[in-house]
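Worksheet: one structure, shown below.
Side chains included, hydrogens not; waters and symmetry mates left out as well; all remaining heavy atoms used. Small disclaimer: the values here were computed from a predicted structure and weren't measured. Lettering follows sequence order; numbering is per chain, from 1.
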Number of protein chains: 2
Amino acid sequence: MQASPSSRHVRLDESLLADLPPFSKLDGLAIRNILAKATTHRFDAGVSVFEEGNAADRFYLLLDGYVRAVRITPDGDQVIALHISAGQLFGIAKALGRETYPATAITATETLVLSWPTSIWDDFSARYDGFATETYKAVGKRIGEMNNRIVEMATLHVEQRIACALLRLINQTGHKVSDGIEIDFQITRQDLSEMTGTTLHTVSRMLSAWEKSGVIKSRHKKITVCDPHQLVVLSTARV
Amino acid sequence: MQASPSSRHVRLDESLLADLPPFSKLDGLAIRNILAKATTHRFDAGVSVFEEGNAADRFYLLLDGYVRAVRITPDGDQVIALHISAGQLFGIAKALGRETYPATAITATETLVLSWPTSIWDDFSARYDGFATETYKAVGKRIGEMNNRIVEMATLHVEQRIACALLRLINQTGHKVSDGIEIDFQITRQDLSEMTGTTLHTVSRMLSAWEKSGVIKSRHKKITVCDPHQLVVLSTARV
DNA sequence: CGATGCGTTTGCGCTAGCACAATGTTTTGC
DNA sequence: GCAAAACATTGTGCTAGCGCAAACGCATCG
């Protein structure tokens with residue numbers, strides 16, 4: 001289901017962008033120019049912003065919320081490639097010479113995004129100092145993360161992979177609560193299994209065990225990590 | 001073992017670069033300038049060009065041969081992330097805002113490489129039209145490949161992953177021989193296992209079985225795929 | 001040419017994690 | 001407030017693939 005975004009209007013203030021790396025070197029005028037060309041969209045949770053394989057005609061900035069990059073195999077298995085959090089550009093296929101999106105972007109929460117037509121990418125990177133550089137830096141970070149995923153999948157057991165996935169989630173999208181660090185958005189066992197290449201059943205068993213030993217707590221669709229250090233231990237346990 | 005490259009001198013001719021995407025839009029003068037700044041190195045097979053985590057002070061162009069990008073886990077497991085073939089840039093950490101190499105580069109054959117100091121990267125991309133764009137296009141391709149690897153590892157069985165790995169190898173680095181397509185360089189079961197996240201034993205069993213059924217032939221450290229189509233079937237078999 | 005080392009094959013037992021299935025719990029929509 | 005849907009838990013077999021081990025073939029080098 002491609003989303004039909006509700007285009008509720010939002011005050012576009014230059015302070016929205018001024019602190020984000022790709023824009024941080026730009027002056028007020030440049031930022032206002034960039035904002036003037038942007039379209040704002042609001043999406044509900046669980047809808048797609050764009051679909052894998054479609055023509056990459058726009059690129060996006062996530063202003064608020066979380067988005068997942070998801071790929072679907074020929075026989076219907078979903079794989080969650082990564083999570084995108086507020087302040088990050090996504091759908092930047094053009095920056096890497098692609099004509100189509102490499103994955104489907106699905107909102108994990110209600111989100112607010114800006115978007116621009118792909119056609120002005122070249123103009124942006126030529127005109128605005130640091131825009132391209134900082135963007136490619138972000139790409140570099142994602143590549144590093146993907147690399148880590150590959151190594152994890154190749155060498156670790158399911159228990160360790162789930163531990164790694166939880167650690168990544170609380171690092172990137174966690175907030176402190178009274179009894180630990182909670183993941184910002186709702187997440188199911190199924191989601192976690194799609195991040196780690198296993199089944200929701202195995203994830204459920206694992207989390208149950210960890211809850212018994214006090215490493216995590218979980219309410220419906222919500223996970224709090226109480227003992228991150230123990231999770232690190234689990235994630236690096238010798239075979 | 002970091003390699004001490006033998007710096008045999010090679011005639012640097014502009015035709016070496018003129019056909020490679022990052023340089024294809026440049027005129028003879030520009031290419032001669034670029035070559036003038038390059039250092040040539042020859043490496044034996046099985047030595048490292050640079051090491052993961054080291055300062056990324058040079059970037060490289062593979063003129064001849066094959067190089068593997070390899071990562072090593074804390075407990076000594078190797079994972080082969082990808083293969084680089086002649087004509088490709090590698091070690092371009094700087095392009096992605098990294099200060100260190102994300103993986104170790106190990107030669108799979110005798111190789112010939114050009115290299116430049118990282119410090120002139122910005123100058124290159126600013127001065128030479130198409131250089132950055134084409135490079136990022138290559139990066140995009142690699143990202144796509146990594147993404148596929150992740151999906152494969154998450155959803156496919158060992159047999160299918162090995163089939164995928166072989167298919168990738170013959171596509172990227174294969175040449176036609178009388179009885180099929182042979183992989184250009186020597187490759188062990190151990191190498192294949194490090195590409196697919198399994199053990200050399202399982203790879204050996206698999207290849208033995210495939211050899212019996214006529215899909216492949218293998219001599220010592222050499223593999224020929226006789227029936228690529230059957231390999232495709234194996235790689236996509238329904239669970 | 002014999003010896004040493006690296007790569008390969010194959011057998012055997014075991015277990016991590018999957019498939020299948022049934023039941024329980026929380027949320028949502030009317 | 002009740003029904004339906006979505007999410008979660010837990011039990012029971014089963015098997016793909018691993019770990020361990022032994023033996024064999026091929027290359028390299030003195």
Completion exercise
Val158(A) has its side chain closest, among dA19(C), dG17(C), dT8(C), to dG17(C)

Handout entry: Of the listed nucleotides dG17(D), dA8(D), dC18(D), the one nearest the side chain of His157(B)
Key = dG17(D)

Completion exercise
With Glu182(A) as partner, the option from Lys217(A), Arg219(A), Lys176(A) fulfilling salt bridge (Lys or Arg N to Asp or Glu O under 4.0 Å) is Arg219(A)

Exercise for the section: Rounded off to whole Å, could you give me the NZ-to-C1' distance for the Lys212(B) and dT9(C) pair? Expected result: 9 Å

Handout entry: Nucleotide dG7(C), atom C1' - distance to CD1 of Ile223(B) in whole Å
Key = 12 Å

Exercise for the section: Taking only the side-chain nitrogens and oxygens of Thr198(A), find out if one of them lies under 4.0 Å from OP1 or OP2 of dC18(C). Expected result: yes

Practice task
Measure from CD on Gln160(B) to P on dA16(D) and round the result to the nearest Å.
Solution key: 12 Å

Problem - Arg189(B) versus Ser218(B), side-chain donor and acceptor atoms under 3.5 Å - result: yes

Problem - 5′-ward residue of the pair Leu156(A)/Ser204(B) relative to DNA chain C - result: Ser204(B)

Handout entry: salt bridge (Lys or Arg N to Asp or Glu O under 4.0 Å) assessment of Glu152(A) paired with Arg168(A)
Key = CA-CA 12 Å; Glu152(A) 279 172 23; Arg168(A) 236 198 308 272; 3.2 Å; yes

Practice task
Assign the ring pair Phe185(A) / Tyr66(A) to parallel, tilted or perpendicular, where the plane angle (0 to 90°) is split at 30° and 60°.
Solution key: tilted

Exercise for the section: Choose from dG17(D), dC18(C), dT10(D) the nucleotide whose nearest atom is closest to any side-chain atom of His201(A). Expected result: dT10(D)

Problem - Contact under 4.0 Å: Arg189(A) side-chain N or O vs dC7(D) OP1/OP2 - result: no

Handout entry: Presence of Ser208(B) side-chain N/O under 4.0 Å of dT10(C) phosphate oxygens OP1/OP2
Key = yes

Exercise for the section: To the nearest Å, give me how far apart CD1 (Ile216(A)) and P (dT9(D)) are. Expected result: 8 Å

Exercise for the section: Determine: side-chain N/O of Thr199(B) to OP1/OP2 of dC18(D), distance under 4.0 Å, yes or no. Expected result: yes

Exercise for the section: Measure distances between side-chain N and O atoms of Arg205(A) and base N and O atoms of dG11(D), and say whether any donor-acceptor pair falls under 3.5 Å. Expected result: yes

Problem - For atom CD1 of Ile187(A) and atom P of dA6(D), their distance in whole Å - result: 19 Å

Practice task
Rounded to the nearest angstrom, tell me the gap between atom CE in Met153(B) and atom C1' in dG17(C).
Solution key: 16 Å

Problem - Gln186(B) CD - dC26(D) C1' separation (whole Å) - result: 12 Å

Practice task
Could you tell me the separation between the CZ atom of Phe185(A) and the C1' atom of dC7(D), rounded to a whole number of Å?
Solution key: 17 Å

Problem - Any Thr202(A) side-chain N or O less than 4.0 Å from OP1/OP2 of dC18(C) - result: yes

Problem - Gln172(A) side chain to Glu145(A) side chain, donor-acceptor N/O pair below 3.5 angstrom - result: yes

Practice task
Mark yes or no for a side-chain to base donor-acceptor pair under 3.5 Å between His220(A) and dA6(D), with no hydrogen or angle criteria applied.
Solution key: no

